[in-house]
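Presented below is the structure to which this report refers.
Note: hydrogens, waters and symmetry copies are ignored here, and every other heavy atom, side chains too, is used. Just so you know, these numbers come straight off a predicted model, no measurement behind them.
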Amino acid sequence: MLKAIQNLGSPTTITTATTVGFVAYFYRLKPPHATKTSAFVSNSTSPQSLLSFYSPRTRPTKPLLFLTRKTRSLEPVRAHSTRPESKMDGTSSSPSSVAAQSSGSARKINFCQWCGGQTKHDIPDGEEKTRAICTVCGKIMYQNPKMVVGCLIEHDNKVLLCKRNIQPSYGLWTLPAGYLEIGESAAEGAIRETWEEAHAEVEIVSPFAQLDIPLIGQTYIIFLAKLKKPHFSPGPESLECQLFSLDDIPFDSLAFSSMVVTLKLYIEDVKAGSQKFHYGTINKRPGSSPSDTHAYTLDHHLQS
């Protein structure tokens, strides 16, 4: 259920009225010598390129205080607040206290989401990037990448695709996928999206790919899955669902670059007789049309 053009490798469309994903400033008490855990290592892009263009609709969030047994120092924690429907529609209405304008790899935020005050754009003390800072309450608005989850469903040597019943990319094919929601794991979100788009009950087999799309601030997590029952039908956002043999996958009619990359990697693994886990960064070729799903490069491709 991706309702936004991503054209880089995932669904997302840039609209100047789209609400920016805002981040509430939470605080938690942290042990003084706590260590940071490391994520999947990538030498792909700078952190600045991960600022998102757009994100799901937001709702107000109250400050929370997370307590640990050893409480000696306060550490700020940034967290997204999103509505239950994580549909990437690019047309979601923004809160009345928020106005955003497109400005390159990030969106310019003109008004505070908390108090409605006007913002200034400056580099906060101790930071390196320009942020929107409220001139009234002083809060800082952060923009962070969003996670998209989905399933690549194998059945009788075929894969299940859904034809989109929504814009953008109406009438084009995609794997069932959408925004991860608060309160669910990546696997749970992928299973939910598959049910919503294809009315298919699936069992996760293994993670298959993580694809970062810095330009639009998205990370894709795609799982290999199998049907629990050989039944599926279009959900509200799908015109039809169909199993395709690998030779018949409609690459010229796929909705997003992320789908092109995922399915090509899958076919390579099948032909090699060895299923792998893939990581890579999808970058749009400069000067290419946003609707050209083949105008990309897959950089820093790692597999294991």
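- In this structure, His231 NE2 and Cys241 SG are separated by 14.5 Å, a value rounded to the nearest 0.5 Å.
- Pro124 and Lys129 get closest at one heavy-atom pair: CD-O, 3.5 Å.
- Using a 4.5 Å cut-off on side-chain heavy atoms (C-beta onward), Cys134 and Trp114 make no contact.
- With a 4.5 Å cut-off on side-chain heavy atoms, Leu224 and Glu154 count as touching.
- In this structure, the side chain to side chain contact (heavy atoms under 4.5 Å, CB included) partners of Lys158, at least two apart in sequence or on a different chain, are Leu243, Ser245.
- In this structure, the side chain to side chain donor-acceptor pair (under 3.5 Å) partners of Thr219, at least two apart in sequence or on a different chain, are Asp212.
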Working for side chain to side chain contact (heavy atoms under 4.5 Å, CB included), residues Val149 and Met147: CA-CA 7 Å; Val149 293; Met147 182 176 288; 4.0 Å; yes
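- Listed for the Thr174 side chain is no donor-acceptor partner under 3.5 Å among the backbone atoms of Cys162.
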Worked verdict on Phe208 versus Asp269 for side chain to side chain contact (heavy atoms under 4.5 Å, CB included): CA-CA 10 Å; Phe208 174 68; Asp269 286 357; 3.4 Å; yes
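- Counting only residues at least two apart or in different chains, salt bridge (Lys or Arg N to Asp or Glu O under 4.0 Å) contacts with residues 238-262 comprise Lys163-Glu240.
- Summarising the geometry of Glu193 relative to Ala177, their closest heavy-atom pair is OE1-O, 3.6 Å, with the distance given to 0.1 Å.
- Screening Leu215, Ile282, Asn283 against Tyr296 for a side chain to side chain contact (heavy atoms under 4.5 Å, CB included) leaves a single residue, Ile282.
- Between Leu161 and Leu175, the closest side-chain pair of non-hydrogen atoms falls below 4.5 Å.
- Taking CD1 from Ile123 and OG1 from Thr130, the interatomic distance works out to 4.5 Å, rounded to the nearest 0.5 Å.
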Stepwise salt bridge (charged side-chain N to carboxylate O under 4.0 Å, His left out) test for Glu196 and Arg192: CA-CA 6 Å; Glu196 291 176 0; Arg192 172 185 52 76; 3.4 Å; yes
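- Trp173 and Ile249 fall within the same hydrophobic cluster, defined by Ile, Leu, Val, Met, Phe, Trp and Tyr side-chain heavy atoms under 4.5 Å apart, directly or through other members.
- A salt bridge is absent between Arg164 and Glu237; no separation between the charged side-chain nitrogens and carboxylate oxygens falls under 4.0 Å.
- The backbone N or O of His199 sits nowhere less than 3.5 Å from a side-chain atom of Ser233 that would complete a donor-acceptor pair.
- In this structure, CD in Glu201 is found 13.5 Å from CZ in Phe232, a value given to the nearest 0.5 Å.
- In this structure, the ring of Tyr279 has its center no less than 6.0 angstrom from the ring center of His301.
- The line from CG of Leu211 to OG1 of Thr281 is 8.5 Å long, rounded to the nearest 0.5 Å.
- The hydrophobic side chain of Val136 is isolated, with no ILVMFWY side chain under 4.5 Å apart from it.
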Met141 vs Phe111, side chain to side chain contact (heavy atoms under 4.5 Å, CB included): CA-CA, chis, key distance, verdict: CA-CA 10 Å; Met141 276 134 278; Phe111 298 98; over 6 Å; no
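- In this structure, Phe256 and Ser169 have side chains that are in contact, with non-hydrogen atoms separated by less than 4.5 Å.
- If you take CD1 on Ile109 and CD on Gln143, they are separated by 4.0 Å, rounding to the nearest 0.5 Å.
- Ile221 is listed as a side-chain neighbour of Phe223, based on a closest heavy-atom distance under 4.5 Å.
- In this structure, Thr119 and Thr135 have side chains that are not in contact, with every pair of non-hydrogen atoms separated by 4.5 Å or more.
- In this structure, the side chain of Ser288 engages the main chain of Arg285 through a donor-acceptor pair within 3.5 Å.
- Considering every non-hydrogen atom in both Ile204 and Cys151, the closest pair reads CD1-SG, 3.8 Å.
- For the atom pair OG1 of Thr293 and CG of Leu172, the computed distance is 8.0 Å after rounding to the nearest 0.5 Å.
- Under the 4.5 Å side-chain criterion, counting only non-hydrogen atoms from C-beta, Thr194 is in contact with Ile153.
- Listed by chain and number, the residues in a side chain to side chain contact (heavy atoms under 4.5 Å, CB included) with Glu268 are Leu265 (sequence neighbours excluded).
- Alongside Tyr170, the hydrophobic cluster contains Leu239 (criterion: ILVMFWY side chains under 4.5 Å).
- With hydrogens and angles disregarded, no donor-acceptor distance shorter than 3.5 Å links the side chain of His278 to the backbone of Tyr266.
- Placement of Leu263 and Ile213 within a single hydrophobic cluster is found when ILVMFWY residues are connected by side-chain heavy-atom separations under 4.5 Å, directly or transitively.
- Of the possible donor and acceptor atoms, one in the side chain of Glu184 sits under 3.5 Å from a partner among the backbone N and O of Glu181.
- The number of heavy atoms from other shown groups lying within 6.0 Å of NZ (Lys226) does not exceed 12.
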